[in-house]
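Report on one structure; see the data block that follows.
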Amino acid sequence: MQFSDDQATAYDTISGALKRAGVDIDNATLLPESGNAQVFAVLGKAGSGKTMLLAKLGEALGEAGVDIISGDYEGKARKDRRTLAILAPTNKAASVLRNRDVAATTIHRILYTPLYDPEYEKIAEWLAGNGERPEIEGITDAALDRAALFYKSNKSIPGALAAAGVRGSDFIIGWKRREEPLDIGFIDESSMLDDKQFEDLCDIFSTLILFGDPAQLAPVGQSGSMSFDKVNDKRRLVLSRVHRQEQDSPILDLAHALSDPALNFETFERMIEQAALKDDRVVVAPRVEASLMARSPVLCWRNATRIRLIQAFRSAYNAPGDMLLPGEPLICDGIELPAKHRKKRLDLEARGLIKGAQVVYLGEGRKPGFSRLNVMGALDPYVSAATIIKIEAPDQEEPFIPYAARMGASFLHGAACTIHKAQGSQWDQVQVFAPDIYAASRAGRMEAGIPMWKRLAYVAITRAETRLHWVTRYRLGKPTGPLDVSDLKDVPPPALELTVEPVENL
């Protein structure tokens with residue numbers, strides 16, 4: 001792999017910072033730590049090579065002997081150990097990195113660490129290479145072999161224990177706020193960080209490297225400011241070359257065209273039409289396709305549009321008004337638990353049910369109000385949890401709630417979502433609802449000196465990995481078949497189902 005000049009400069013600068021932190025990646029050696037805190041930012045638009053640079057730095061740190069912390073299991077502390085955590089704000093954003101062979105996890109999984117049952121911790125230590133093969137009552141040699149084989153190909157302790165036939169509720173007995181600091185943190189999609197998360201990360205890591213896109217949308221309520229705006233100018237490294245353009249991506253061409261100050265919405269839409277005539281990776285669509293909405297939400301700006309699209313999707317699949325069909329998509333809207341159940345909140349969040357998480361409904365759970373879910377992008381995606389599922393309808397102040405535990409994880413329907421909530425995620429194909437982008441252009445709103453419609457369009461179209469559908473009309477195409485869950489890989493049998501009970505004796 002050949003670095004561009006800007007990547008080489010960024011690599012050398014961060015290499016120097018890591019050396020001051022006690023890790024010499026040029027010579028793959030560990031040195032005494034200076035103890036001085038340092039924060040850097042690597043900034044660039046889509047396709048500028050941020051992820052490639054992050055991956056190469058992470059690989060070099062691993063070769064130098066730095067332990068990569070996954071969030072699944074950390075192991076016992078050692079005085080000589082140096083650590084790296086590669087983080088993203090959501091499971092979906094972390095899964096984008098994992099699909100590129102980068103060992104990423106979520107910020108929540110680092111802020112809160114699991115407490116293992118002592119017996120099963122022996123298995124975890126053995127799998128991590130820090131102990132002898134254990135003998136555990138009820139766990140056969142064949143089960144341990146299955147766990148070892150799984151861990152060899154996928155460095156997930158919970159996944160390996162599940163392969164041995166052990167449920168998460170058996171080996172994880174609780175969660176605690178991290179007490180021990182870590183050395184180095186790489187944070188992808190750092191434009192999504194709010195001020196509190198940024199402060200928490202600065203407390204945990206002595207060396208923090210933010211990777212972000214300044215053209216994206218800032219967190220709601222922060223007036224256009226992003227976490228890396230707080231970084232000293234001398235420590236902000238900008239990548240300008242568009243490396244993915246070697247693939248001649250029309251989607252990236254369109255994204256970068258939005259940086260032209262003279263560009264208006266009408267001209268931009270003509271550019272999309274011209275791109276669609278030349279390349280089938282861009283599609284000007286006269287209607288939304290319901291079949292695509294089941295796994296990748298239609299992206300829109302306004303809540304009213306989102307609700308209408310969701311209702312149209314459910315009608316197209318003949319979904320009854322009082323229940324969900326297996327295969328319907330949902331988005332976590334938060335955890336509804338009182339303060340006294342803080343440990344249960346951490347349990348839900350650590351399993352991936354954090355605000356903005358995308359899940360697929362699999363069916364009713366074993367208790368009233370419980371639902372079986374697939375958390376998209378999570379390493380261990382199958383969870384049964386107490387849920388409060390809300391189905392919104394146009395012109396109705398209160399949503400209909402088909403499933404409701406007294407308290408638990410709260411969900412909205414996920415067939416459509418706002419562009420803000422889609423930030424950090426990517427899908428193979430993405431449908432962007434153009435009438436909403438047009439409405440934003442007519443509103444004339446600005447964010448940090450840039451027209452809001454341009455930020456919305458930029459974020460929306462760069463969520464597409466291979467194909468962009470630019471939807472121009474308020475119309476819906478009927479689905480090609482019924483909803484199902486056959487596309488979700490490796491659905492475990494009920495014995496391996498992870499169960500989360502937010503309230504004792506619910």
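Using a cut-off of 4.0 Å between Lys/Arg side-chain N and Asp/Glu carboxylate O, Asp487 and Arg295 are scored as salt-bridged. For Asp279 and Arg467, the salt-bridge test fails: no basic side-chain N is under 4.0 Å from an acidic carboxylate O. Classification of Arg270 and Glu273 as a salt-bridged pair holds, one side-chain N sitting under 4.0 Å from a carboxylate O. Look at Asp26 and Lys19 and you find no salt bridge, because none of the NZ, NE, NH1 or NH2 atoms lies under 4.0 Å from a carboxylate O. The pair Lys45-Asp213 fails the salt-bridge criterion, with no side-chain N (NZ, NE, NH1 or NH2) lying under 4.0 Å from an Asp/Glu carboxylate O.
At distances below 3.5 Å, not a single donor-acceptor pair connects side-chain atoms of Asp436 with backbone N or O atoms of Cys300. Listed for the Asp24 side chain is a donor-acceptor partner under 3.5 Å among the backbone atoms of Asn27. Under the 3.5 Å distance criterion, the side-chain polar atoms of Ser296 are matched with a main-chain donor or acceptor of Gln429. The backbone N or O of Ala88 lies less than 3.5 Å from no partner atom in the side chain of Asp188, so there is not a single donor-acceptor pair. Between the side chain of Lys50 and the backbone N or O of Phe211 there is no donor-acceptor pair closer than 3.5 Å. The backbone N or O of Glu289 sits less than 3.5 Å from a side-chain atom of Gln431, completing a donor-acceptor pair. Between the side chain of Arg455 and the backbone N or O of Leu217 there is no donor-acceptor pair closer than 3.5 Å. A donor-acceptor contact shorter than 3.5 Å is absent between the side chain of His108 and the backbone of Thr90. With hydrogens and angles ignored, the 3.5 Å screen pairs no side-chain donor or acceptor of Gln426 with any backbone N or O of Val96. Checking side-chain atoms of Ser191 against main-chain N and O of Gln216 turns up no donor-acceptor pair under 3.5 Å.
Phe40 approaches Ala17 most closely through the heavy-atom pair CE1-CB, 3.5 Å. When all heavy atoms of Trp126 and Gly131 are compared, the closest pair comes out as CD1-O, 3.6 Å. Heavy atoms only, all atoms of each residue included: Ser240 and Asp6 are closest at N-OD2, 2.8 Å. Here the closest non-hydrogen pair linking Leu53 and Gln7 is CD1-O, 4.0 Å. Contact record, Ile209 with Val42: CG2-CG2, 4.2 Å, taken as the closest heavy-atom pair. Between Val485 and Tyr361 the shortest heavy-atom distance is CG1-O, 4.2 Å.
Test Leu61, Asp183, Ile25 against Val66 for side chain to side chain contact (heavy atoms under 4.5 Å, CB included) and you get one pass: Leu61.
Counting only N and O atoms by type, the side chains of Glu328 and His413 include a donor and acceptor under 3.5 Å apart. Side chains of Arg306 and Asn303: a donor-acceptor N/O pair is present below 3.5 angstrom, by distance only. A donor-acceptor contact closer than 3.5 angstrom is absent between the side chains of Ser410 and Asp333. Side-chain contact, Thr9 with Asp12: no donor N or O sits under 3.5 Å from an acceptor N or O. Ser206 and Gln38 share no side-chain donor-acceptor pair at under 3.5 Å.
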Practice item. Dump the intermediate steps for side chain to side chain contact (heavy atoms under 4.5 Å, CB included) on Leu468 and Val283, then the final yes or no. Key: CA-CA 6 Å; Leu468 167 68; Val283 178; over 6 Å; no
Review point. Do Phe411 and Leu353 pass the side chain to side chain contact (heavy atoms under 4.5 Å, CB included) test, and can you show the C-alpha distance, the side-chain angles, and the key distance before you say yes or no?
Key: CA-CA 10 Å; Phe411 293 91; Leu353 296 180; 3.8 Å; yes
Exercise for review: Apply side chain to side chain contact (heavy atoms under 4.5 Å, CB included) to the pair Ile110 and Leu201, showing each step before the final yes or no.
Suggested key: CA-CA 9 Å; Ile110 290 298; Leu201 293 168; 5.7 Å; no
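Relative orientation of the Phe268 and Trp470 rings is perpendicular, given thresholds of 30° and 60° on the angle between their planes.
Within a 6.0 Å radius of CZ in Arg445, no more than 12 heavy atoms belonging to other residues, nucleotides or ligands are found.
Residue pairs satisfying the ring-ring contact (aromatic ring centres under 6.0 Å, His included) criterion with at least one member in residues 417-438, sequence neighbours excluded, are listed as follows: Phe265-Tyr438, Phe433-Tyr474.
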